[in-house]
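These notes concern the structure reproduced below.
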Amino acid sequence: MIIDSTTDNRLQILGFVIERTSKRMKQFFQRMLKDAKTGITVDQWIILQVLDKEDGISQLEIAKETFKDAPTVTRIIDLLVNKNLLERISNTKDRRRFNIHLTATGRAKIEEVLPIAVQFRAKAWDGLAEEDKSQLTNYLNIIFKNLK
């Protein structure tokens, strides 16, 4: 594909708009979490959500699922363990590895934060028809797959 300067400028602007929107969404949700005094960050919420769907997976699996590097995931898990939201349990097949599990307090935190997440999503998607949301999701998934 040949890209002329006009096309290149539009693609640069589009990339900027996607990144700008992503950052704004994270900042807005973080402010909502802080205002609600949840005591967690967006990145901590993401890990709690992953474990809510598949409790007991390894730190490496969490890193892959969240698209975060392993040291970052380890640091976030350390914080969540200190808050008694998660626990590390030795892997029965490999004692050098740990499986990460939600605690009862962690499950309660998910129940506390979920309505805030729903409210955030409603605010973010306000004014978009279902068809618009579906198309946007499809477009972003295409971009994601293109960069694999």
Determine whether [X] and [Y] fall in the same hydrophobic cluster, where Ile, Leu, Val, Met, Phe, Trp and Tyr are linked whenever their side-chain heavy atoms lie under 4.5 Å apart.
{"X": "Tyr139", "Y": "Trp125", "answer": "no"}
{"X": "Leu79", "Y": "Ile46", "answer": "no"}
{"X": "Met25", "Y": "Ile40", "answer": "yes"}
{"X": "Ile100", "Y": "Leu60", "answer": "no"}

*Does a salt bridge link Glu130 with Lys133, judged by any charged N lying under 4.0 Å from a carboxylate O?*
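Salt bridge flag = yes for Lys133 with Glu130.
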
*If you look at every heavy atom in Glu61 and Ser58, which pair is closest and at what distance?*
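For Glu61 versus Ser58, the nearest heavy atoms are OE1-N, 2.7 Å.
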
*Which heavy-atom pair separates Leu48 from Ile110 by the least distance, and what is that distance?*
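Heavy atoms of Leu48 and Ile110 come nearest at O-CD1, 3.6 Å.
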
_Against Val81, only a single residue in Leu85, Asp78, Ile77 fulfils side-chain contact (heavy atoms from CB on, under 4.5 Å); can you say which?_
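For Val81, the side-chain contact (heavy atoms from CB on, under 4.5 Å) test succeeds with only one of Leu85, Asp78, Ile77, which is Ile77.
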
With a 4.5 Å heavy-atom cut-off, do [X] and [Y] have their side chains touching?
{"X": "Ile57", "Y": "Val50", "result": "yes"}
{"X": "Thr38", "Y": "Met32", "result": "no"}
{"X": "Ile143", "Y": "Ile18", "result": "yes"}
{"X": "Thr41", "Y": "Leu33", "result": "no"}
{"X": "Phe98", "Y": "Ser90", "result": "yes"}
{"X": "Arg107", "Y": "Asp55", "result": "yes"}

*Considering residues at least two apart in sequence or located in another chain, which fulfil the side-chain contact (heavy atoms from CB on, under 4.5 Å) criterion with Ala70?*
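side-chain contact (heavy atoms from CB on, under 4.5 Å) check on Ala70 returns nothing, list empty.
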
Gap separating the [atom1] atom of [X] from the [atom2] atom of [Y], nearest 0.5 angstrom:
{"X": "Thr72", "Y": "Ile62", "atom1": "OG1", "atom2": "CD1", "answer": "13.0 Å"}
{"X": "Ile47", "Y": "Asp43", "atom1": "CD1", "atom2": "CG", "answer": "7.0 Å"}
{"X": "Glu87", "Y": "Asn99", "atom1": "CD", "atom2": "CG", "answer": "11.0 Å"}
{"X": "Arg88", "Y": "Gln59", "atom1": "CZ", "atom2": "CD", "answer": "4.5 Å"}
{"X": "Asp69", "Y": "Arg75", "atom1": "CG", "atom2": "CZ", "answer": "9.0 Å"}
{"X": "Lys26", "Y": "Gln30", "atom1": "NZ", "atom2": "CD", "answer": "8.0 Å"}

*Dump the intermediate steps for ring pair (Phe, Tyr, Trp, His ring centres under 6.0 Å) on Phe144 and Phe67, then the final yes or no.*
CA-CA 12 Å; Phe144 184 84; Phe67 301 95; 5.2 Å; yes

*asked:* Ignoring hydrogens and geometry beyond distance, is a side-chain donor-acceptor pair present between Ser22 and Glu19 at under 3.5 Å?
replied: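 Their side chains do not contain a donor-acceptor pair, so the 3.5 Å distance test is not met.
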
*Hey, are Gln44 and Lys109 close enough side-chain-wise for a donor-acceptor pair under 3.5 Å?*
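No pair is found: no donor N or O on one side chain lies under 3.5 Å from an acceptor on the other.
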
_Using modelled atom types and a 3.5 Å cut-off, is there a donor and acceptor pairing between side-chain atoms of Asn141 and backbone atoms of Thr137?_
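Judged by distance alone, yes, a pair lies under 3.5 Å.
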
_Glu65 atom CD: more than 12 heavy-atom contacts under 6.0 Å_ =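 It does not: Glu65 CD has 12 such atoms or fewer within range.
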
_Ring-plane angle category for Trp45 and Phe29, please: parallel below 30°, perpendicular beyond 60°, tilted otherwise._
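If you compare the ring of Trp45 with that of Phe29, the planes turn out perpendicular.
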
*May I have the step-by-step check of salt bridge (Lys or Arg N to Asp or Glu O under 4.0 Å) for Asp126 and Lys123, ending in yes or no?*
CA-CA 5 Å; Asp126 188 39; Lys123 173 72 173 167; 5.9 Å; no

